[in-house]
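Only a predicted model underlies this, so the values are computations on that prediction, with no experimental measurement involved. Just so it is clear, the values below take in all heavy atoms, side chains as well, and ignore hydrogens, waters and symmetry mates.
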Amino acid sequence: MEKGNKGWRFAILLVVLALCLAFLRPTIAWYFRTSEDAQRLALMSLEKIKEYSMEQADKDVKALEQAAIANPGADPGETYAWLAKQAKKNYKAFKKPVPENLTLGAILNSFSLGRNANTDEEKKNVASSIHQQLLDLFQEHYREKILADKKNYTNSVKLGLDLSGGINIIVRADLEAALRLQGDAALAGGEAEFKARAMEQALETLQSRIDRFGLSNPVIRQQGEDRIYIEIPGAEQSSAINTIIMGKGILNFRLVDEDATNQFLSYYYSNPGNTFNEDGSLKDASIVPEDVEILGYYTKDSYGLDEFVQYMALKKEVALDGRYVKSAEVSRDQMGQTGVDFTLDMEGAEIFADFTGAHVGERLAVVSDNKVKSAATIRTKIGGGQVRIDGFGLEEAQNLQKVLQTAWLEVPLSVESQQVIGAELGEQTIRDGLTALAVGLIAIFIFMLVFYKGAGINAIVAQILNMYILFAVLSAFNLTLTLSSIAGMILTVGMAVDANVIIFERIKEELRAGKNRASAINAGFEGAFWAIMDSNITTFIAALFLSQLGTGSIQGFAVSLAIGVASSVFTALFVSRLMFDVGTEAFGSKKVSISWRGNKQ
């Protein structure tokens, strides 16, 4: 091998290892660097995270203030190390010398810089302002930490339902309502045939929606005539289920009635506690015209949650609904605002062009899940079927995009039951599976070292890198680790060592023929190449078909096997070869430690 070629191969290996490490970082951070308490917090809903952060911030600020009053010279320690950094920034911002020892008193004093207070009232206002600033800082501290852990979980390898438990849902399809919606056209092939086709459509649509949302390893099957059984790993995904199943997020466009909005707001501000019934309906429906309804306008807060801004009066008539959307993409504009770009079909484009042309100068609201997400003035007629809307957070925009890319579900669905179920096999099975994998690896390591001596080290390194790459790919694509996936990994270990055995035996043959180290290694790898490729390509094809046609445990086994086959070929033919060549060229080795018959020339 030429030195230049070896250098490029070494560079490629370093790039692969670096990419794998980047892919594995969320998984490593979640499973090995995140405590159980932190994991529990991260798996809570955003509403609960916000509630926790606010409560904890309030407790901590009060404790800090009391500690500073009781002992202003106390050292902040690790608990308030992050706050000490902020205090240093405060001193520098006001061009004040940073105290050599940042005590609790000095930290609190940093927040009063630039605030002059002479009277008792002014001092009280300053103290209140500092208290609120500390509350905001502490809440931000908790929010960023918990949301960072939540992001690590989202980007990590997930455990399947058999290992981690998950959600069990039964959905009822209202076939009678579907019949009524279709009318006489539904009875053309008979009622029974229509219901069968409707259930098939419901199953396909749910499968498509759940797949597009990236929920891991779902089990979806028909149960009886009009029930659909769904299993999804991970109890933390329950907040997304109703959005997916019920099709929430499919938006519509409606006009804002400015006069009715002003009229309602004037009434509401005069009667804030006597406007709505408990179910959200107006107590006095006459305060707005019959053709409008009152909805809330929401923006995203720092947690990504909907935050109410004000009420708006919207026309009940829908100008355009989501079924005309042909494709949708999430993008950011020049200001960095997240939005969704829609392409409408021909019918939708014509409807939207006519509507916007007839209402230039009026505001058009984007409504999703009965919430107004944005309301922009129509400046000109919008033709061509290309539409962009803003007012969504990134995650919400991505979810909306995925829902809109699925077919319009005409069969009404309702969640009949939903419960969180425990792991079927549990932690003991996880330990057993990983133990089997570790024992298998150790046994192979010992065998390779005993049977192939020094060359066995190459095989061991290749095996370790094989598992490293395998887990990195699982993490990169947020794939699910199930018991069957572990079985696929164990099989991969056997296939990977088989490739090394073929290579080593070919090298031994070349050495017995009298060739030197470099020639024997070169001929050994060339002679083993097609034998390894043939066997692994056929296995990869079989695994690929199983992953596409299989479901559940079969699919999990096939996916891990396919990834393992690809990575084992890379480590056996690329990494192992590079190690031999480095030994030959960089260390000047003349012999190959590969057999008990003695080191061969």
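Using bins of under 30°, 30° to 60° and over 60° for the plane-to-plane angle, the ring pair Tyr142/Phe138 lands in the tilted bin. Taking the six-membered ring for Trp and thresholds of 30 and 60 degrees, Phe447 and Tyr452 have ring planes more than 60 degrees apart, a perpendicular arrangement.
Evaluated for a side-chain hydrogen bond (donor to acceptor under 3.5 Å, both in side chains) with Asn522, the options Glu510, Arg517, Arg577, Lys515 yield exactly one hit, Arg577.
No side-chain heavy atom of Val559 sits under 4.5 Å from any side-chain heavy atom of Ser485. Side-chain contact between Ile170 and Gln223 is present, with at least one heavy-atom pair separated by less than 4.5 Å. The side-chain heavy atoms of Met489 and Phe471, taken from C-beta on, include a pair separated by under 4.5 Å. Met448 is listed as a side-chain neighbour of Phe504, based on a closest heavy-atom distance under 4.5 Å. Looking at heavy atoms from C-beta onward, Asn155 lies out of side-chain contact with Phe23 at the 4.5 angstrom threshold. With contacts defined as side-chain heavy-atom distances shorter than 4.5 Å, the pair Tyr153/Lys150 does not qualify. Side chains of Val501 and Phe451 form no contact here, defined as non-hydrogen atoms less than 4.5 Å apart.
Of all heavy-atom pairs spanning Leu17 and Tyr468, the tightest one is O-OH, 2.9 Å. A pairwise comparison of heavy atoms in Thr538 and Ser535 identifies OG1-O, 2.8 Å as the closest pair. Heavy-atom minimum distance, Asp149 versus Ala38: OD2-CB, 3.8 Å. Minimum heavy-atom separation, Leu546 to Ala558: CB-CB, 3.5 Å. When all heavy atoms are compared, the tightest approach of Ser593 to Lys453 is OG-CB, 3.4 Å. The two residues Cys20 and Ile469 make their nearest non-hydrogen contact at SG-CG1, 3.9 Å.
Remark: the Asn466 side chain and the Ser567 side chain contain an N/O donor-acceptor pair separated by less than 3.5 Å. Side chains of Asp581 and Thr584: no donor on one and acceptor on the other come within 3.5 Å. Under the 3.5 Å distance criterion, with hydrogens and angles disregarded, no donor-acceptor pair is assigned to the side chains of Thr27 and Ser156.
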So Leu441 and Gln463, side chain to side chain contact (heavy atoms under 4.5 Å, CB included) or not? Walk me through it.
CA-CA 8 Å; Leu441 280 172; Gln463 281 282 13; 4.1 Å; yes

Under the side chain to side chain contact (heavy atoms under 4.5 Å, CB included) criterion, do Leu14 and Phe10 qualify, and how do the steps go?
CA-CA 6 Å; Leu14 289 179; Phe10 186 71; 3.5 Å; yes

Report the C-alpha separation of Asp37 and Leu41 in whole Å, then their side-chain angles, then the decisive distance to 0.1 Å, and conclude whether the side chain to side chain contact (heavy atoms under 4.5 Å, CB included) test is met.
CA-CA 6 Å; Asp37 289 339; Leu41 291 173; 5.7 Å; no

Apply side chain to side chain contact (heavy atoms under 4.5 Å, CB included) to Phe540 and Val569, showing your working.
CA-CA 11 Å; Phe540 183 82; Val569 169; over 6 Å; no

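Taken to the nearest 0.5 Å, the CD1 atom of Ile521 stands 15.5 Å off from the CZ atom of Arg506. The CD atom of Gln56 sits 11.5 Å away from the CD atom of Gln139 when rounded to the nearest 0.5 Å. Atom-to-atom distance recorded for Met579:CE and Leu465:CG is 8.5 Å, nearest 0.5 angstrom. Note: Leu561 CG to Thr539 OG1 = 6.5 Å, rounded to the nearest 0.5 Å. Taking CD from Glu140 and CH2 from Trp82, the interatomic distance works out to 8.5 Å, rounded to the nearest 0.5 Å. From Met495, atom CE reaches atom CG of Asn500 across 12.5 Å, with rounding to the nearest 0.5 Å.
Of the possible donor and acceptor atoms, none in the side chain of Thr34 sits under 3.5 Å from a partner among the backbone N and O of Tyr31. Counting only distance, with no hydrogens or angles, the side chain of Gln39 and the backbone of Trp30 share a donor-acceptor pair below 3.5 Å. In terms of modelled atom types and a separation under 3.5 Å, the side chain of Ser576 and the main chain of Leu573 share no donor-acceptor contact. In terms of modelled atom types and a separation under 3.5 Å, the side chain of Arg227 and the main chain of Arg172 share no donor-acceptor contact. Of the possible polar contacts, one joining the Ser560 side chain to the Phe557 backbone as a donor-acceptor pair under 3.5 Å is found.
At most 12 heavy atoms of other shown residues, nucleotides or ligands fall within 6.0 angstrom of atom CZ in Arg25. Other residues, nucleotides and ligands contribute only 12 or fewer heavy atoms inside 6.0 Å of the CE atom of Met54.
Taking the ring axis of Phe574 as reference, the NZ or CZ atom of Arg9 stays within 45° of it and closer than 6.0 Å to the ring centre.
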